[in-house]
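Report on one structure; see the data block that follows.
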Amino acid sequence: MKKSIFLVLSSFLVFGGLMTGNEGIAKMAESKKVLRMNLHSNPPTADPGIAEDSVSLTIIRATFEGLTRKGKDGKTHEAAAESYTISEDGKTYTFKIRKAKWSNGDQVTAHDFEYAWKRVLDPKTASNSAYQLYYIKGAEAFNKGTGNAGDIGVKAIDDKTLKVELTNPTPYFLELLSFKTYYPVNKKVVESNPKWANDVKTIIGNGPFKMETWEQKIKMVLVKNENYWDKDNVKLDRIDFSMEEDEYTELEMFKHGELDWAGSPTSSLPFYIDSKVAEKIKWKPIAGTYFYRFNTEKAPFHNAKIRKAFAYAIDRQLLIDVLGLSPWLATSYVPPTMTLNEKGYFIDNDVETAKKLLIEGMKEEGITKLPPITLTYNRSEGHKKVSEIIQHQWKMNLGVDVKLEDKEWEVFLEDVNEGDYQIARASWTADFNDPINFLELFKEADSGNNDTGWENPKYRELLNQSNLEQDHEKRKAILAQAEQILMDDMPITPIYYYTNSWVQNDKLKNVDMDGLGVIDFKYADITP
């Protein structure tokens with residue numbers, strides 16, 4: 001009898017202990033600082049040398065770090081580099097690499113930066129971002145096959161010293177170094193697996209977070225990187241990303257407490273929002289332009305007059321009024337944050353001129369009817385609405401029937417890069433706060449992010465000239481001349497300037513979004 005009572009009591013105590021332990025574990029889990037967000041689409045890659053979209057950039061910014069990093073004050077600060085010196089002529093930088101580790105425990109060295117930059121420039125890598133390294137001596141020649149890797153002006157003197165030689169003084173070079181194309185990669189990891197940047201086991205970074213889970217097109221989990229040099233300033237324990245394409249579903253998840261953030265820059269808010277949610281929307285103008293590309297190598301958009309006809313026949317103000325997209329319609333490519341021409345280069349909704357140009361362009365081509373035309377965009381409720389309104393305007397103003405075609409993000413990117421389109425939705429947000437970052441995209445037909453087939457010798461000459469001009473006002477005038485050429489030839493048509501909009505949990509603090517629209521979770525904090 002006593003034995004039975006003892007067994008029952010023992011069982012009760014053990015069970016109670018388990019319950020108490022489980023409750024303790026649950027409370028510990030609840031105390032974890034977890035940020036829950038949505039990625040509108042599956043990131044194509046986590047490779048900083050290859051990525052060219054905002055979703056991938058968000059992940060890369062969290063898991064990698066360059067020599068410099070934008071701080072909470074919006075200024076550029078030392079990051080992977082603990083210090084640097086600049087030569088008197090402004091063309092040679094010498095960086096001291098701080099004591100830091102990769103997320104797998106390897107030491108971060110100057111050799112990692114040299115390897116990463118030369119890898120991006122190697123024609124075999126086929127990086128569309130290689131041109132962003134052309135400021136470095138010998139970089140452009142090597143990337144275009146006319147120079148040698150040994151002539152590139154980046155060299156690891158030893159594990160902790162990196163020497164960089166530029167072709168010309170570049171006042172914004174330190175800011176450039178905070179952008180993903182200048183991030184290091186782990187040579188051993190990269191060369192061991194060609195698909196390393198899509199495999200959670202081999203995505204090894206040096207940033208504040210590391211990747212723990214990546215279920216393609218389903219979810220992604222980042223956790224605090226215990227090997228990060230500044231880990232004491234990282235407050236979040238984990239970031240959980242869902243991958244929901246539908247903006248309305250994403251917003252419902254936010255309203256039901258399943259997400260702490262909905263909207264830009266990893267997704268978009270839907271157009272129809274109830275008043276309670278609308279009151280909580282946060283807005284931030286950013287250095288970005290929404291535009292359409294014309295494929296100048298395919299009929300009928302090999303003709304500049306036909307391109308301009310389509311551009312002038314868009315009523316951008318109506319588009320903005322109907323959809324509440326942004327306070328600024330765009331009649332120039334370079335955004336207001338770094339404007340070269342405040343008045344713009346053409347008149348919005350200039351239908352009469354558009355009709356005249358269409359007739360002239362068709363006459364030049366010897367045609368009386370346009371071929372079938374398709375407008376392609378990546379799958380999104382926002383892009384769909386914009387495309388439908390513009391499709392209707394082209395029908396009403398020009399009498400042209402345009403077919404709409406939506407594609408998954410990765411397929412869309414591949415097709416545009418291959419020139420498999422006629423008109424394609426596009427956007428560009430600045431990597432650094434200077435007009436050259438927008439204009440250099442179209443410097444050459446075969447440059448990585450051009451994708452229009454257009455180039456102009458005078459345009460290229462002006463951009464080269466701007467790199468040599470040290471006087472700020474003279475340089476601005478040169479770049480304005482270049483933008484005038486771009487808008488006269490119209491391989492692209494600007495539509496509106498970006499304003500990021502989102503809603504967030506009131507308990508979430510210090511998620512930084514800079515004037516370029518880039519989001520940074522390093523200092524983010526949330527109350528469990």
Side-chain angles (χ1 to χ4, degrees), residues 43-71 76-82 84 93 95-98 100-104 106-122 125-136 139 143 152 154 156 159-160 162 164 172-191 196-198 202-211 222 225 227-230 234 429-432 437 448-449 512 514 516 518-522:
T45 181
D47 184 344
I50 300 296
E52 52 184 308
D53 66 288
S54 59
V55 176
S56 295
L57 179 56
T58 296
I59 302 305
I60 290 167
R61 183 69 171 270
T63 52
F64 287 84
E65 184 167 78
L67 293 168
T68 64
R69 190 181 191 98
K70 290 283 189 67
T76 302
H77 299 273
E78 294 89 339
E82 65 178 5
Y84 60 88
Y93 290 68
F95 297 92
K96 288 296 180 182
I97 308 301
R98 73 170 67 250
K101 293 181 179 181
W102 291 96
S103 56
N104 67 349
D106 293 346
Q107 291 294 321
V108 177
T109 72
H111 300 282
D112 295 321
F113 286 90
E114 179 181 356
Y115 170 74
W117 297 3
K118 289 182 176 180
R119 171 178 173 265
V120 171
L121 289 167
D122 191 332
T125 305
S127 171
N128 288 332
S129 301
Y131 69 92
Q132 293 169 344
L133 296 169
Y134 284 3
Y135 302 93
I136 300 170
N143 185 243
I152 299 174
V154 55
D159 283 355
K160 295 299 178 184
L162 183 73
V164 183
Y172 45 83
F173 186 63
L174 288 174
E175 182 181 355
L176 258 176
L177 294 174
S178 69
F179 188 62
K180 59 94 185 172
T181 313
Y182 286 85
Y183 288 176
V185 292
N186 187 306
K187 179 180 180 180
K188 180 177 65 177
V189 171
V190 172
E191 294 188 342
W196 70 273
N198 291 88
T202 50
I203 297 174
I204 304 301
N206 67 323
F209 298 91
K210 65 180 182 180
M211 194 175 296
L222 305 183
N225 179 9
N227 285 321
Y228 182 53
W229 69 272
D230 197 24
V234 179
T429 53
D431 305 326
F432 55 95
N437 186 232
N449 289 308
D512 180 61
D514 64 22
L516 307 180
V518 179
I519 194 168
D520 193 345
F521 305 114
K522 177 176 177 177

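Between Phe173 and Tyr135, the ring center distance fails the sub-6.0 Å criterion.
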Start with the C-alpha distance between Leu162 and Leu67, add both sets of side-chain angles, then the distance that settles side chain to side chain contact (heavy atoms under 4.5 Å, CB included), and finish with yes or no.
CA-CA 10 Å; Leu162 183 73; Leu67 293 168; 4.0 Å; yes
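Heavy-atom minimum distance, Ala62 versus Leu222: CB-CD1, 3.8 Å. Scanning all heavy atoms of the two residues, the minimum distance from Glu78 to Tyr84 falls at OE2-CE2, 3.7 Å. Looking at every heavy atom in both residues, Asp520 comes nearest to Arg69 through OD1-NH2, 2.9 Å. When all heavy atoms of Ala100 and Trp229 are compared, the closest pair comes out as CB-CB, 4.0 Å. Considering every non-hydrogen atom in both Ala80 and Glu65, the closest pair reads N-OE1, 3.8 Å. The two residues Lys101 and Val108 have their closest heavy-atom pair at C-CG2, 3.6 Å.
The CG atom of Asn227 lies 9.0 Å from the CD atom of Gln107; values are rounded to the nearest 0.5 Å. Here the OH-NZ distance, from Tyr228 to Lys522, works out to 3.0 Å after rounding to the nearest 0.5 Å. Of the inter-residue distances, the one linking Ile204 atom CD1 with Phe64 atom CZ reads 8.5 Å to the nearest 0.5 angstrom. Distance OG1/Thr68 to NE2/His77: 10.0 Å, rounded to 0.5 Å. The distance from the CZ atom of Arg61 to the CZ atom of Phe179 is 9.5 Å, given to the nearest 0.5 Å. For the atom pair NZ (Lys187) and OG1 (Thr109), the distance works out to 10.0 Å, reported to the nearest 0.5 Å.
Under a 3.5 Å cut-off, the side chain of Asn128 and the backbone N or O of Asn449 do not form any donor-acceptor pair. Ser103 places a side-chain N or O within 3.5 Å of a backbone atom of Gly205 that can act as its donor or acceptor partner. A donor-acceptor pair under 3.5 Å is absent between the side-chain atoms of Asn225 and the main chain of Lys210, judged by distance alone. Looking at Trp196, its side chain never comes within 3.5 Å of a backbone N or O of Glu191 through a donor-acceptor pair.
A 4.5 Å side-chain heavy-atom check between Arg98 and Asp230 finds every atom pair outside the cut-off. Counting heavy atoms from C-beta on, the side chains of Thr125 and Val120 never come closer than 4.5 Å. The closest side-chain heavy-atom distance from Thr429 to Ser54 is not below 4.5 Å. Within the 4.5 Å cutoff, side-chain heavy atoms of Phe95 are placed close to those of Val164. Side-chain atoms of Ile97 and Phe113, non-hydrogen and from C-beta on, do get closer than 4.5 Å to each other.
Within the structure, salt bridge (Lys or Arg N to Asp or Glu O under 4.0 Å) contacts touching residues 109-118 (residues at least two apart or in different chains) are Glu114-Lys118.
Considering Asp106, Asn206, Thr202 as possible partners of Asn186, the one that fulfils the side-chain contact (heavy atoms from CB on, under 4.5 Å) test is Asp106. Of the listed residues (Tyr115, Trp117, Trp102), just one forms a side-chain contact (heavy atoms from CB on, under 4.5 Å) with Pro184, and that residue is Trp102.
The side chain to side chain contact (heavy atoms under 4.5 Å, CB included) check on Ile203 picks up Ala46, Met211, Trp214, with sequence neighbours excluded. Remark: Asp514 engages Lys70 in a salt bridge (Lys or Arg N to Asp or Glu O under 4.0 Å) (not counting sequence neighbours). Residues meeting the side chain to side chain contact (heavy atoms under 4.5 Å, CB included) test with Asn437, sequence neighbours left out: Trp428, Ala430, Asp431, Phe432, Glu440. Evaluation of the side chain to side chain contact (heavy atoms under 4.5 Å, CB included) rule for Thr58 yields Thr266, Ile519, Phe521 as partners, not counting sequence neighbours. Partners of Asn143 under the side chain to side chain contact (heavy atoms under 4.5 Å, CB included) rule, at least two apart in sequence or in another chain, are Leu121, Ala130, Tyr134.
Side-chain contact of Ser56 with Lys180: a donor-acceptor pair under 3.5 Å is absent, judged by distance alone.
Taking a cutoff of 4.0 Å between a charged side-chain nitrogen and a carboxylate oxygen, Asp47 and Arg119 qualify as a salt bridge.
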